[in-house]
Colleague: 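A single structure is presented below for examination.
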Amino acid sequence: MARGLDARTSLEYALDESIDSLTFVPTGSSALMTWEESLWKDYTDGIVILHRRRIVYERYFAALTPDRTHAAMSLTKSVTGTLAAMLAAEGALDRSRKVADYVPELEGSAFGDATVEQVLDMTTSLRYTEHYADRRAEVWQYAAAGSPFPKPAAYEGPVGYFEYLRTLRSSVAHDEVFAYKTPNADVAGWIVSRISGKSVAELLSERIWSRLGMELDAYFQVDAKGAPSTSGGLSAGLRDMARFGELLRNEGM
């Protein structure tokens, strides 16, 4: 639901029409391309560029309009991580403690003996691959478990994100290597929710969204059991995501 595009926290405009004509050579190519051409080439749905808090560029394509939300996908991880950082700064979350101290349900999983810090830094050891081109990769099992749609009759896997997270096992020792793996962010969301006693959506609304004068209500995609995807399930308005970016750029202001 939209509050209207005259949000309490307004963004100043200083549109720069010269941006469209800027040229560059894309990686793997020898031909010049303009900025505007690149947006069509990349199937861009919408883009906002801020410079010193002012919007210098804003465009929408296809079905996206200023009053509609768009899936933030893995930018959701930054939102979840910010909430975790806030709780840590306030002393409610100890990043050196084991995950199982906060979420006992993960005791027997790969996350049980990992620290919260290792989860947030993605230095946990997981037998899990995120190769989207490989249909046998674990990321597709995770997607199947987290899908909100009815499972096929022959499906025998875990139902829901939390159930799947409990099945993951370690491959090597934690903290040996950084590896971008989505389940870490969903564990972080589970920890944040457990500590705060609120859903991540409620906490985000209370601590950030309602305080920035956002134009649109944001929402999380949930699994069949109602658990949110705190790794990639947030949908929000484009200008509101810009406001969140400004919040980080200005160190909380």
Colleague: How would you list, by chain and number, every residue that makes a salt bridge (charged side-chain N to carboxylate O under 4.0 Å, His left out) with Asp134, sequence neighbours excluded?
Modeller: Arg136

Colleague: Can you name the residues that form a side-chain contact (heavy atoms from CB on, under 4.5 Å) with Ser125, not counting sequence neighbours?
Modeller: Ser170, Ser171, Val172, His174

Colleague: State, to 0.1 Å, how close His131 and Trp140 come at their nearest heavy-atom pair, and which atoms those are.
Modeller: O-NE1, 4.1 Å

Colleague: Look at atom CD of Glu12 and say whether more than 12 heavy atoms of other residues, nucleotides or ligands are closer to it than 6.0 Å.
Modeller: no

Colleague: I need the minimum non-hydrogen distance between Pro183 and Leu165, along with the two atoms involved.
Modeller: CB-CD2, 3.6 Å

Colleague: According to a hydrophobic-cluster definition based on side-chain heavy atoms being under 4.5 Å apart (Ile, Leu, Val, Met, Phe, Trp, Tyr only), do Leu204 and Leu212 belong together?
Modeller: yes

Colleague: Of all heavy-atom pairs between Ala71 and Ser235, which one has the smallest distance, and what is that distance?
Modeller: CA-OG, 3.5 Å

Colleague: According to salt bridge (charged side-chain N to carboxylate O under 4.0 Å, His left out), who are the partners of Glu251, at least two apart in sequence or on a separate chain?
Modeller: none

Colleague: Quick one: side-chain contact (heavy atoms from CB on, under 4.5 Å) partners of Ser29, sequence neighbours excluded?
Modeller: Pro26, Ala31

Colleague: How would you list, by chain and number, every residue that makes a side-chain contact (heavy atoms from CB on, under 4.5 Å) with Ala88, sequence neighbours excluded?
Modeller: Leu93, Arg95

Colleague: Check whether any side-chain N or O of Gln118 sits under 3.5 Å from a backbone N or O of Thr123 as a donor-acceptor pair, and report yes or no.
Modeller: no

Colleague: What are the two closest non-hydrogen atoms of Met86 and Ile208, and how far apart are they?
Modeller: SD-CD1, 4.0 Å

Colleague: How are the rings of Tyr128 and Tyr142 set to each other: parallel, tilted or perpendicular (split at 30° and 60°)?
Modeller: perpendicular

Colleague: Which residue in the set Val48, Leu216, Thr65 passes side chain to side chain contact (heavy atoms under 4.5 Å, CB included) when paired with Leu238?
Modeller: Val48

Colleague: Salt bridge (charged side-chain N to carboxylate O under 4.0 Å, His left out) with Asp101: which residues, sequence neighbours excluded?
Modeller: Arg97

Colleague: Which atom pairs, one a donor and one an acceptor, fall under 3.5 Å between side chains of residues 73-81 and the rest of the protein, sequence neighbours left out?
Modeller:
| residue | atom | partner | partner atom | Å |
| --- | --- | --- | --- | --- |
| Ser74 | OG | Lys77 | NZ | 2.9 |
| Ser74 | OG | Tyr180 | OH | 3.0 |
| Thr76 | OG1 | Met73 | O | 2.6 |
| Thr76 | OG1 | Leu234 | N | 3.1 |
| Lys77 | NZ | Tyr180 | OH | 3.2 |
| Lys77 | NZ | Thr182 | OG1 | 3.3 |
| Lys77 | NZ | Ser231 | O | 3.0 |
| Thr80 | OG1 | Thr76 | O | 3.3 |
| Thr80 | OG1 | Thr230 | O | 2.7 |

Colleague: To check you understand the geometry: which heavy-atom pair defines the closest contact between Ile19 and Trp35, and what is its length?
Modeller: O-CB, 3.2 Å

Colleague: Can you list everything that forms a salt bridge (charged side-chain N to carboxylate O under 4.0 Å, His left out) with Glu37? Sequence neighbours excluded, please.
Modeller: none

Colleague: Which pair of heavy atoms, one from Val200 and one from Gly189, lies closest together, and at what distance?
Modeller: CG2-O, 3.5 Å

Colleague: Let me check something: any side-chain donor-acceptor pairs from residues 52-61 under 3.5 Å, sequence neighbours excluded? List them with distances.
Modeller:
| residue | atom | partner | partner atom | Å |
| --- | --- | --- | --- | --- |
| Tyr57 | OH | Asp20 | OD1 | 2.5 |
| Glu58 | OE1 | Tyr13 | OH | 2.5 |
| Glu58 | OE2 | Tyr60 | OH | 2.5 |
| Glu58 | OE2 | Arg239 | NE | 2.7 |
| Glu58 | OE2 | Arg239 | NH2 | 3.2 |
| Arg59 | NH1 | Glu36 | OE2 | 3.0 |

Colleague: Applying side chain to side chain donor-acceptor pair (under 3.5 Å), which residue pairs with at least one partner in residues 151-169 are found, sequence neighbours left out?
Modeller: Glu163-Lys225

Colleague: Could you pull out all residues at least two apart from Phe220 that satisfy ring pair (Phe, Tyr, Trp, His ring centres under 6.0 Å)?
Modeller: none

Colleague: Between Arg243 and Glu246, is there a salt bridge with N-O shorter than 4.0 Å?
Modeller: no

Colleague: Only counting residues at least two apart or in another chain, list the ones meeting side-chain contact (heavy atoms from CB on, under 4.5 Å) with Val222.
Modeller: Pro228

